[in-house]
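Working notes, structure below.
Values in this document were obtained by computation on a predicted structure and should not be read as measured data. The figures here come from the full heavy-atom set of this structure, side chains too, leaving out hydrogens, waters and symmetry mates.
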Amino acid sequence: MIVMPTEPDFATQLAAAIEWWREAGVEHDFADEPCGWIATLEEAAPQGAVAAPKFLAPPLPPEPQIGAERAEWPATLAEFSTWWLTEPALDHGQITSRLAPRGPAGAELMLLVEHPEAQDRDQLLSGPQGKLLSAMLTAMGIDEEAVYFASALPRHTQMPDWAALQRGGLGGVLVHHIDLVVPKRLITFGRNVAALISSPICHDPPNSAETSPQLNHEGTSMPLLAAMGLDMLLSKPQGKARFWGRWLEWTGTKAT
């Protein structure tokens, strides 16, 4: 009598197929179309079960307005210097180590830097960057007594959050400061300063400080030169040459 071999059951066939693919080096299942392996809470919950409540994070509090209310800003340049040293809202309540701007109203030239130097003590820009500016002004033929020195921040600050400062309205404070000085020309040092005074947060935003030779605000206009930061000018000799070329072009002065 011939005994016919019996066909293995499905479980045996499946195990053999899996073992065959495993020996071939295939250990995972792949498909061309994506599928969801993890069910949502609603899909996984038994029928009729109450879904777990969804907890939402509370909204973040609004960022404080830098300089407090605009109506309280000083109306004269003399008042601004005192306000700059004492107004808590300018620097999250911190009022120590601040340095006042210096120079005359209607200055021939206003120089606006990001913040005081770490080496500044009793006077803004009295350290290495200030010495560089003094040498530059001498080469330009401009008396320092005719120059207004100012900073975007009232004290030296390590790694300022410029984006948050812009959202907080620091650009408006700077433009107000410039309006009180009314300089004949303005030079900003550092791209963060240029971005602040061209910020859309200002009520009447000036043209982009990176591209426009004029700062236009509330019907007034003044020549503007946006330069790299003084720290970069100190460390890169080619930066000084580039700045000098831009200065000559900006002022229409011929190189000698």
**Prompt:** Angle class for the H115/W162 ring planes (parallel below 30°, perpendicular above 60°, tilted otherwise)?
**Reply:** parallel

Taken to the nearest 0.5 Å, the spacing of I197 CD1 from N192 CG works out to 12.0 Å

For P116 and S151 the tightest heavy-atom approach is CD-OG, 3.8 Å

Result for ring-ring contact (aromatic ring centres under 6.0 Å, His included) between H176 and one of W84, W73, W83 points to W73

Which pairs would a plain distance check flag for residues 222-237, meaning a side-chain donor or acceptor within less than 3.5 Å of a matching protein atom at least two apart in sequence or in another chain?
{"from": "S235", "atom 1": "OG", "to": "D231", "atom 2": "O", "distance (Å)": "3.2"}
{"from": "S235", "atom 1": "OG", "to": "M232", "atom 2": "O", "distance (Å)": "3.3"}

On a heavy-atom basis, the closest approach of H156 and Q158 is NE2-NE2, 3.6 Å

Of all heavy-atom pairs linking V181 and P104, the shortest is CG1-O, 4.1 Å

- request: Verify the neighbour count for atom CD of Q94: are there more than 12 heavy atoms of other residues, nucleotides or ligands below 6.0 Å?
  value: yes

CZ of F189 to CG of L133, rounded to nearest 0.5 Å, is 5.0 Å

To the nearest 0.5 Å, atom CG of L186 lies from atom CG of L112 at 6.5 Å

Applying side chain to side chain donor-acceptor pair (under 3.5 Å) to E79 and not counting sequence neighbours gives T76

Between the CG atom in L111 and the CG atom in L125, the distance rounded to the nearest 0.5 Å is 8.0 Å

Could you go through T251 and R185, starting from their C-alpha distance and side-chain angles, then the distance that decides it, and tell me whether this counts as side-chain contact (heavy atoms from CB on, under 4.5 Å)? CA-CA 10 Å; T251 58; R185 289 179 181 271; 4.1 Å; yes

So CG of L90 and CZ of R155: to nearest 0.5 Å the spacing works out to 11.5 Å

Is the side chain of E117 donor-acceptor paired with the backbone N or O of G127 at a distance under 3.5 Å, no angle test? yes

Practice task
Might you confirm whether atom CD of Q238 has over 12 heavy atoms from other residues, nucleotides or ligands at distances under 6.0 Å?
Solution key: yes

>> Are F149 and E144 packed together at the side-chain level, in the sense that at least one heavy-atom pair is separated by less than 4.5 angstrom?
In response: yes

Exercise for the section: Report yes or no: do F80 and V182 belong to one cluster of Ile/Leu/Val/Met/Phe/Trp/Tyr joined by side chain heavy-atom distances under 4.5 Å? Expected result: no

Worksheet entry | Residues, nucleotides or ligands: over 12 heavy atoms within 6.0 Å of R102 CZ | yes

dist R98:CZ -> D120:CG (nearest 0.5 Å) comes out at 15.5 Å

When every non-hydrogen atom of I95 is compared with those of P88, the smallest separation belongs to CG2-CA, 4.3 Å

Q.
Quick check: is L85 connected to V173 through a chain of hydrophobic side chains (ILVMFWY, heavy atoms under 4.5 Å apart)?
A. no

side-chain contact (heavy atoms from CB on, under 4.5 Å) test vs L153 passes for just one of L170, D91, V113, namely L170

Query raised in the report: Could you go step by step and tell me if W247 and M136 meet the side-chain contact (heavy atoms from CB on, under 4.5 Å) rule?
Result: CA-CA 10 Å; W247 164 262; M136 291 166 57; over 6 Å; no

*Q65 side chain vs G67 backbone, donor-acceptor pair below 3.5 Å*: no

Residues passing the ring-ring contact (aromatic ring centres under 6.0 Å, His included) test with Y148, sequence neighbours excluded, are H177

